[in-house]
Amino acid sequence: MLKKAHFLSSSGNNEDIPMIQNTMEKPNAKPSNEVIPAAAGIGLRSSHYRDFQTGKPETAWIEAHSENLFAAGGLAHRVMGQIRSDYPLSLHGVGLSLGSADPLNTEHLRQLQRLITRYEPGLVSEHLCWVSSEGRYLHDLLPMPYTDGMLQHISDRIDQVQSVLQRQILIENVSAYLHFTDDQIPEWAFLNELVRRTGCGLLLDINNLYVSSRNLGIDRDEYLVNLNSDAVQEMHLAGFTVETALGQEVLIDTHSQAVWPEVWSLYSRALQILGRRVPTLIEWDTNIPPLSMLLDEAQKAQHILEMIHE
């Protein structure tokens, strides 16, 4: 889906990043969610800044898009300073473009590093996708083929990012609308191998899994049973829309409405298979409602967490 963020121009910023020695033990990289509670939180959006400036809304934790905080100052940082004093924080990126053939954007990575130093988030995450080509940002999260070559490419780039940041990052599954003819392994196996090779963690987006499963015929239970459950450190919930293309129903990951009942059911099933509570986030990126509605959705997630794992 389209996730709005302030992407940087790549002009002069795409040179190779000097590698820093990676001191992380890849198969046993230290999990980074020690300060993020295994409870329901919400994604911060600018339309809700005033709510946090004038009060302390009741939520367990907050997640912000990293790129929206790359500017040196301004309202976003004033609000974030207050939020960080009141809530655990996660940073969620949309612009590293791990799947792109372009070199990693050095300035983007440096700004992310500075942001992490400034706010000390409990979790840092990115998407398994590409968003740029030849220095041009497309402002969408685009999937890629699951091949041996792409697996090596993504693994190398995750290693590079984690070495620069000196911390583990989480990788999120994105929604998909077509199969690649070159696919060699299923998504869950691709993610598992990334974890094995790099020591990264996983952010399991339940809505994206549901959308992809409906669009591509993926077996959701097979996916969840085979996914490396120990690596899942966060889950996302959001709403999708239903459209028609070439006479067929297509689910689009728009994050524009409340979580659908089918996604709540899949969330419950995922928690049962994982066997534990996992930090869970409510995302809402377009047609953003009053904050109270996001908090209500978070309360639903919290109820399910407590019901399944007392």
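- Ser268 approaches Ile304 most closely through the heavy-atom pair OG-CG2, 3.4 Å.
- Distance alone, capped at 3.5 Å, places no donor-acceptor pair between the His127 side chain and the Val94 backbone.
- In this structure, the side chain of Asn215 engages the main chain of Ala176 through a donor-acceptor pair within 3.5 Å.
- At a threshold of 4.5 Å between non-hydrogen side-chain atoms, the residues Leu128 and Leu98 do not count as touching.
- Between the CD1 atom of Ile308 and the NE2 atom of His303 there is a distance of 9.5 Å, given to the nearest 0.5 Å.
- Checking side-chain atoms of Asn228 against main-chain N and O of Asn192 turns up no donor-acceptor pair under 3.5 Å.
- Of the charged side-chain nitrogens involved, none lies within less than 4.0 Å of a carboxylate oxygen, so that Arg269 and Glu262 do not count as a salt-bridged pair.
- Interatomic distance, CG of Leu281 versus CG of Leu203, reported as 8.0 Å (0.5 Å rounding).
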Give the intermediate values and the outcome of side chain to side chain contact (heavy atoms under 4.5 Å, CB included) for residues Asp253 and Tyr210. CA-CA 10 Å; Asp253 175 38; Tyr210 184 79; over 6 Å; no
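- Between Glu120 and Arg84, none of the side-chain N atoms (NZ, or NE/NH1/NH2) sits under 4.0 Å from a carboxylate O, so this pair counts as no salt bridge.
- In plain terms, the two heavy atoms of Phe52 and Ile62 that are nearest each other are CZ-CD1, 3.7 Å.
- Remark: side-chain polar atoms of Gln302 are paired, donor with acceptor, to backbone N or O of Ala40 under 3.5 angstrom.
- The minimum heavy-atom distance linking Leu274 with Val278 is given by the pair CD1-CG2, 3.8 Å.
- Leu191 is not listed as a side-chain neighbour of Leu204, based on a closest heavy-atom distance of 4.5 Å or more.
- Aromatic ring pairs are classed by plane angle as parallel below 30°, tilted from 30° to 60° and perpendicular above 60°; the pair Phe190 and Tyr146 is tilted.
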Check against side chain to side chain contact (heavy atoms under 4.5 Å, CB included), Glu58 and Leu295: CA-CA 8 Å; Glu58 188 173 348; Leu295 296 175; 5.8 Å; no
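- The two residues Tyr177 and Val211 have their closest heavy-atom pair at CE2-CG1, 4.1 Å.
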Could you go through Leu294 and Glu297, starting from their C-alpha distance and side-chain angles, then the distance that decides it, and tell me whether this counts as side chain to side chain contact (heavy atoms under 4.5 Å, CB included)? CA-CA 5 Å; Leu294 270 73; Glu297 291 286 276; 5.6 Å; no
Kindly determine whether His255 and Asn207 satisfy side chain to side chain contact (heavy atoms under 4.5 Å, CB included), including the steps that lead there. CA-CA 9 Å; His255 293 191; Asn207 184 66; 4.2 Å; yes
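- Residues Ser125 and Glu63 approach most closely at OG-OE1, 4.5 Å, considering heavy atoms.
- The main-chain N or O of Ile252 is never found under 3.5 Å from a side-chain atom of Glu243 such that the two would form a donor-acceptor pair.
- Side-chain contact between Glu234 and His92 is absent, with no heavy atoms from C-beta onward closer than 4.5 Å.
- Applying the ring-ring contact (aromatic ring centres under 6.0 Å, His included) test to Trp260 and every residue at least two apart in sequence or in another chain returns Phe240.
- With Gln162 contributing its side chain and Thr198 its backbone, the two residues share a donor-acceptor pair below 3.5 Å.
- Separating the CD atom in Gln53 from the CZ atom in Arg50 is a distance of 5.0 Å, to the nearest 0.5 Å.
- Looking only at distances, no side-chain donor or acceptor of Glu172 sits under 3.5 Å from a matching main-chain atom of Asp205.
- Between the CG atom in Asn208 and the CG atom in Leu251 there is a gap of 11.5 Å [rounded to 0.5 Å].
- Put simply, CD1 on Ile273 and CG on Leu224 are 4.5 Å apart, with the number rounded to the nearest 0.5 Å.
- Looking only at side-chain heavy atoms (C-beta outward), Tyr119 and Ser66 stay at 4.5 Å or farther from each other.
- Proximity of Ser175 to Ser212: side-chain heavy atoms (C-beta onward) are separated by under 4.5 Å at one or more points.
- Distance alone, capped at 3.5 Å, is enough to place a donor-acceptor pair between the His309 side chain and the Leu271 backbone.
- Gln184 contributes a side-chain N or O that, together with a main-chain N or O of Asp148, makes up a donor-acceptor pair within less than 3.5 Å.
- A distance-only check finds no donor-acceptor pair linking the side chain of His108 to the backbone of Glu67 [under 3.5 Å].
- Under the 4.5 Å side-chain criterion, counting only non-hydrogen atoms from C-beta, Asp156 is not in contact with Arg197.
- Across all non-hydrogen atoms, the minimal contact from Ala238 to Val263 is O-CG1, 4.4 Å.
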Under 3.5 Å, which donor-acceptor pairs link side chains of residues 41-49 to any protein atom two or more places apart or in another chain?
unit_1: Arg45; atom_1: NE; unit_2: Trp284; atom_2: O; d: 3.3
unit_1: Arg45; atom_1: NE; unit_2: Asp285; atom_2: OD1; d: 2.8
unit_1: Arg45; atom_1: NH2; unit_2: Asp285; atom_2: OD1; d: 2.7
unit_1: His48; atom_1: NE2; unit_2: Pro289; atom_2: O; d: 2.8
unit_1: His48; atom_1: NE2; unit_2: Leu291; atom_2: N; d: 3.4

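- Between Ile36 and Gln233, every side-chain heavy-atom pair lies at or beyond the 4.5 Å cut-off.
- Note: Leu209 CG to Arg220 CZ = 7.5 Å, rounded to the nearest 0.5 Å.
- The shortest side-chain heavy-atom distance between Met80 and Arg118 does not fall under the 4.5 Å cut-off.
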